[in-house]
Amino acid sequence: MIKFVRNLTKLIKEKDPAIHSNWEVILYPFFKVYIYYVIAHFLYLHKFYFLARYLSEKAKRKTGIEIHPGARIGKNFFIDHGVGVVIGETALIGDNVVIYHGVTLGGTGKDKGKRHPTIKDNVVIGAGTIILGNITIGEKAIIGAGAIVLKDVPDNSVVVGVYK
Amino acid sequence: MIKFVRNLTKLIKEKDPAIHSNWEVILYPFFKVYIYYVIAHFLYLHKFYFLARYLSEKAKRKTGIEIHPGARIGKNFFIDHGVGVVIGETALIGDNVVIYHGVTLGGTGKDKGKRHPTIKDNVVIGAGTIILGNITIGEKAIIGAGAIVLKDVPDNSVVVGVYK
Amino acid sequence: MIKFVRNLTKLIKEKDPAIHSNWEVILYPFFKVYIYYVIAHFLYLHKFYFLARYLSEKAKRKTGIEIHPGARIGKNFFIDHGVGVVIGETALIGDNVVIYHGVTLGGTGKDKGKRHPTIKDNVVIGAGTIILGNITIGEKAIIGAGAIVLKDVPDNSVVVGVYK
């Protein structure tokens with residue numbers, strides 16, 4: 001647990017130039033929501049769906065960030081600010097991904113089963129971006145703020161505006 | 001009241017594939033905000049404006065969804081996720097309308113009286129969409145995620161991007 | 001203090017046609033967040049960074065509006081609705097500026113020092129707009145809802161869509 005908090009602290013300090021001291025990390029909404037997510041995801045995997053959803057809703061009320069307990073998230077994930085973030089049940093997020101506030105990893109309502117995006121390692125997703133459907137965002141891709149992404153994005157690419 | 005809750009439960013189960021049990025509906029922000037709205041709208045119609053606004057602000061703090069108590073809403077309305085939704089005082093919403101998070105039904109600041117949109121029956125409005133002014137969205141129209149809509153939309157049409 | 005509240009009350013009444021009585025202003029999220037900001041900014045200037053951030057985070061939990069305590073804001077500033085607003089540490093806002101919900105005054109991650117926008121006097125910024133980087137929005141500029149702004153905007157101009 002201590003190691004977990006220490007890593008999270010280190011990560012937040014690296015990502016945000018506005019931070020002034022170690023203690024400030026406990027004020028970060030991501031710090032809070034991520035701890036809730038870890039517990040909710042554990043409960044979800046053991047089929048305690050109600051309790052898992054309860055925790056994720058509670059975390060959302062506190063932070064404005066909605067991570068469905070079913071989402072699978074890699075190492076060193078970071079969400080900055082975070083109000084309005086929605087991450088769907090079958091979203092799959094790789095390592096070292098950074099997401100800003102207002103980002104949606106959602107469904108189109110057309111798919112069944114895996115119906116939310118897959119985000120590969122080292123992707124950065126700008127504020128207000130909406131990514132819908134069972135599509136894949138390739139490694140090291142940069143998705144500009146406010147983009148709408150409806151199809152696969154290749155590795156190492158930069159996407160702005162509507163991409164469909 | 002029981003019938004009301006039962007209908008709301010049925011509706012939410014129909015709309016969201018991520019739900020695992022009946023009980024989960026009480027965790028839905030829309031479940032909460034809609035109950036607040038019904039009471040606030042009643043108070044508003046009887047000119048208890050302060051109390052009505054108080055309830056709608058309280059609901060917004062809990063859910064991130066802001067429905068002005070003056071807005072008029074039809075049957076089977078549903079908001080998914082909901083953080084960032086703003087529905088203005090003179091907005092008029094038909095039956096079977098579905099709205100995602102981040103949607104604004106707002107004013108342009110130029111109109112007086114009826115200054116917010118009219119949404120006809122069976123419309124679906126994607127995440128992050130902004131609809132401004134006293135315009136009409138026609139029946140069964142689908143408004144894509146992130147659209148900006150500033151003029152009337154005909155029945156049965158699909159709108160993406162900036163529409164003005 | 002009384003004068004401060006009176007001015008804020010007058011301002012909110014001027015800006016929002018949906019208000020029905022003086023008392024309603026205490027329900028406005030901006031009323032709340034602005035009082036928090038004034039205290040947090042004072043603490044920030046005296047280098048009580050932790051306490052300042054604590055207050056701004058608390059205000060954000062209550063209102064959905066995130067104003068970094070370091071931001072500098074002129075007279076008669078107003079935020080309507082406000083969920084999803086993010087104002088960065090080095091943002092500089094002039095007098096009589098109006099901002100709607102979902103607006104970001106953020107950084108690109110490339111600059112150091114002053115890395116957030118400067119907003120001149122009498123600017124209006126529509127809902128969902130994202131303005132990134134150490135750029136300047138000129139006097140009386142109107143930024144349309146949902147715009148993405150990545151370079152300087154001249155005085156008196158109207159900007160819509162992606163501007164880079």
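So that the names make sense, note that chain A is the first sequence line, chain B the second, and so on, each numbered from 1.
Within 6.0 Å of atom NZ in A/Lys140, 12 or fewer heavy atoms from other residues, nucleotides or ligands are found, so the atom counts as exposed in its surroundings.
Here the side chains of A/Ile148 and A/Tyr163 are not in contact, with every heavy-atom distance at 4.5 Å or above.
Here the OG1-CZ distance, from A/Thr9 to A/Phe31, works out to 5.5 Å after rounding to the nearest 0.5 Å.
There is no contact between A/Lys58 and chain B, counting heavy-atom distances below 4.5 Å. In this structure, chain B has no heavy atom under 4.5 Å from any part of A/Lys112. The parts of B/His81 that come within reach of chain A are both its backbone and its side chain, each placing non-hydrogen atoms under 4.5 angstrom from that chain. For A/Leu132, the part lying under 4.5 angstrom from a heavy atom of chain B is the side chain only. With a threshold of 4.5 angstrom between heavy atoms, B/Val124 does not approach chain A through any atom at all. Only the side chain of A/Val86 comes within less than 4.5 Å of a heavy atom in chain B; its backbone stays farther off.
A salt bridge does not link A/Lys13 to A/Glu24: none of the charged side-chain nitrogens sits closer than 4.0 Å to a carboxylate oxygen.
Residue B/Tyr34 forms a side-chain contact (heavy atoms from CB on, under 4.5 Å) with just one option from B/Leu8, B/Ile65, B/Ile67, and that option is B/Leu8.
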